[in-house]
Amino acid sequence: MSMRERIKPLLLPIAALLVFEAWMRLAAVQSDSLAPPSAIALALAGALADGSLLAATRDRLASAFAGLAIGGAIGLVLGVALGLSHVLSRLMEVTIEAIRPIPSVALLPIALIALGFGYRMEIAIVAFACVWPVLIVTRAAVGGIEPRLIEVARVLRLTQLDRIRKIVLPAALPRIVLAFRLAAGIALIVAVTVEIAINPLGLGAGIMTAQQALRPDLMLAYLVWIGVTGFALNAALTAAQQTLFGRAALTDDNA
């Protein structure tokens, strides 16, 4: 891809920022919720320089990745089990579909009573949110494996564990990786939501602190940084997925 092609997607956001900057300056807008892009950039640079933004990012990523690991592992195990057993899948269908629509943030009062403020409560909420995309995609991936592969495992008289390790997981791996990439985005969103709502840690807590201090520039700087970190993580995971699976990754994304 040429440099010109890479720059094209940036033209509209840059133009929008310039127009917004000019409007804020020329109209002399005074607001507790808006700030010129230049002021946001300065606040972002200041928060990076004093280390507060990086410390909040560390707290957010620690909770998000821990919840993703726990919830992803649970979803992977359940997804493989349900994908291999149609009987078990039918038995669990009502239970899963009854629990899955519950918003993860609706569990905040229960998690707060059981676990209190801090990492454990946030990790538990993130883990609950991450179970479902991994479970659903893994179940579909395992259930859609070519039947002849299962027949090969039976002919070779593989144990159930060897069948899963040598046949099922390699065949379903591209879609399982896609499920974890989707779950990673959900983990980041839920972590910030929990921090804004109740947990005095991370980027969400930084947003609330800036809002209470009537610092719209710093508040919006935190929002910009959340978008940057989310975009960077998704780009890294997408690149890793395409490196590992090539065109198969692109096919699964389009599906």
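Under the 4.5 Å side-chain heavy-atom criterion for Ile, Leu, Val, Met, Phe, Trp and Tyr, Y119 and L112 are members of the same hydrophobic cluster. Under the 4.5 Å side-chain contact rule for hydrophobic residues, L201 and V194 share a cluster. Under the 4.5 Å side-chain contact rule for hydrophobic residues, F180 and F65 share a cluster. Taking hydrophobic clusters as Ile, Leu, Val, Met, Phe, Trp and Tyr residues chained together by side-chain heavy-atom distances below 4.5 Å, I145 shares a cluster with I164. Under a hydrophobic clustering in which Ile, Leu, Val, Met, Phe, Trp and Tyr are joined whenever their side-chain heavy atoms come within less than 4.5 Å, directly or via other members, V142 and W132 fall into different clusters.
Across M121 and G116, no two heavy atoms sit closer than the pair CB-O, 3.0 Å. Across every non-hydrogen atom of L82 and S89, the tightest pair is O-CB, 3.5 Å. Between R25 and S38, the shortest heavy-atom contact is NH2-OG, 2.7 Å. Nearest heavy-atom pair, A64 versus A187, reported as atom, atom and distance to 0.1 Å: O-CB, 3.7 Å.
A donor-acceptor contact shorter than 3.5 Å links the side chain of S63 to the backbone of D59.
When side chains are defined from C-beta on, L173 does not count as touching L169, because their heavy atoms never get closer than 4.5 Å. Contact check for P133 versus I186: side-chain heavy atoms found under the 4.5 Å cut-off.
Looking at residues two or more places apart in sequence or on another chain, you find no ring pair (Phe, Tyr, Trp, His ring centres under 6.0 Å) involving F117. In this view, R58 satisfies the salt bridge (charged side-chain N to carboxylate O under 4.0 Å, His left out) rule with no residue, not counting sequence neighbours. For R90, there are no salt bridge (charged side-chain N to carboxylate O under 4.0 Å, His left out) partners at least two apart in sequence or on another chain.
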Which donor-acceptor pairs under 3.5 Å do the side chains of residues 91-110 make with protein atoms, sequence neighbours left out?
{"residue": "E93", "atom": "OE1", "partner": "R139", "partner atom": "NH1", "Å": "3.2"}
{"residue": "E97", "atom": "OE1", "partner": "R100", "partner atom": "NH2", "Å": "2.8"}

Under 3.5 Å donor-acceptor pairs involving side-chain atoms of residues 123-131, not counting sequence neighbours:
none

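Grouping Ile, Leu, Val, Met, Phe, Trp and Tyr by side-chain contacts under 4.5 Å, direct or through others, puts L220 with I40, L44, L48, L53, L54, V192, I196, L203, I207, M208, L218, M219, Y222, L223, V224, W225, I226, V228. Side-chain heavy-atom separations under 4.5 angstrom define the hydrophobic clusters, and I189 shares its cluster with no other residue.
Residue pairs that meet the salt bridge (charged side-chain N to carboxylate O under 4.0 Å, His left out) test with at least one member in residues 203-228, sequence neighbours left out, are R215-D217. The side chain to side chain donor-acceptor pair (under 3.5 Å) analysis of residues 188-198, with sequence neighbours excluded, yields no pairs. Counting only residues at least two apart or on different chains, no salt bridge (charged side-chain N to carboxylate O under 4.0 Å, His left out) pair has a member in residues 125-138. Judged as a salt bridge (charged side-chain N to carboxylate O under 4.0 Å, His left out), not a single pair has a partner in residues 80-89 (not counting sequence neighbours). The salt bridge (charged side-chain N to carboxylate O under 4.0 Å, His left out) pairs that include a residue from residues 108-132 number zero, where partners must be two or more places apart or lie in different chains.
T138 and R175 share no donor-acceptor pair across their side chains, judged by distance under 3.5 Å alone.
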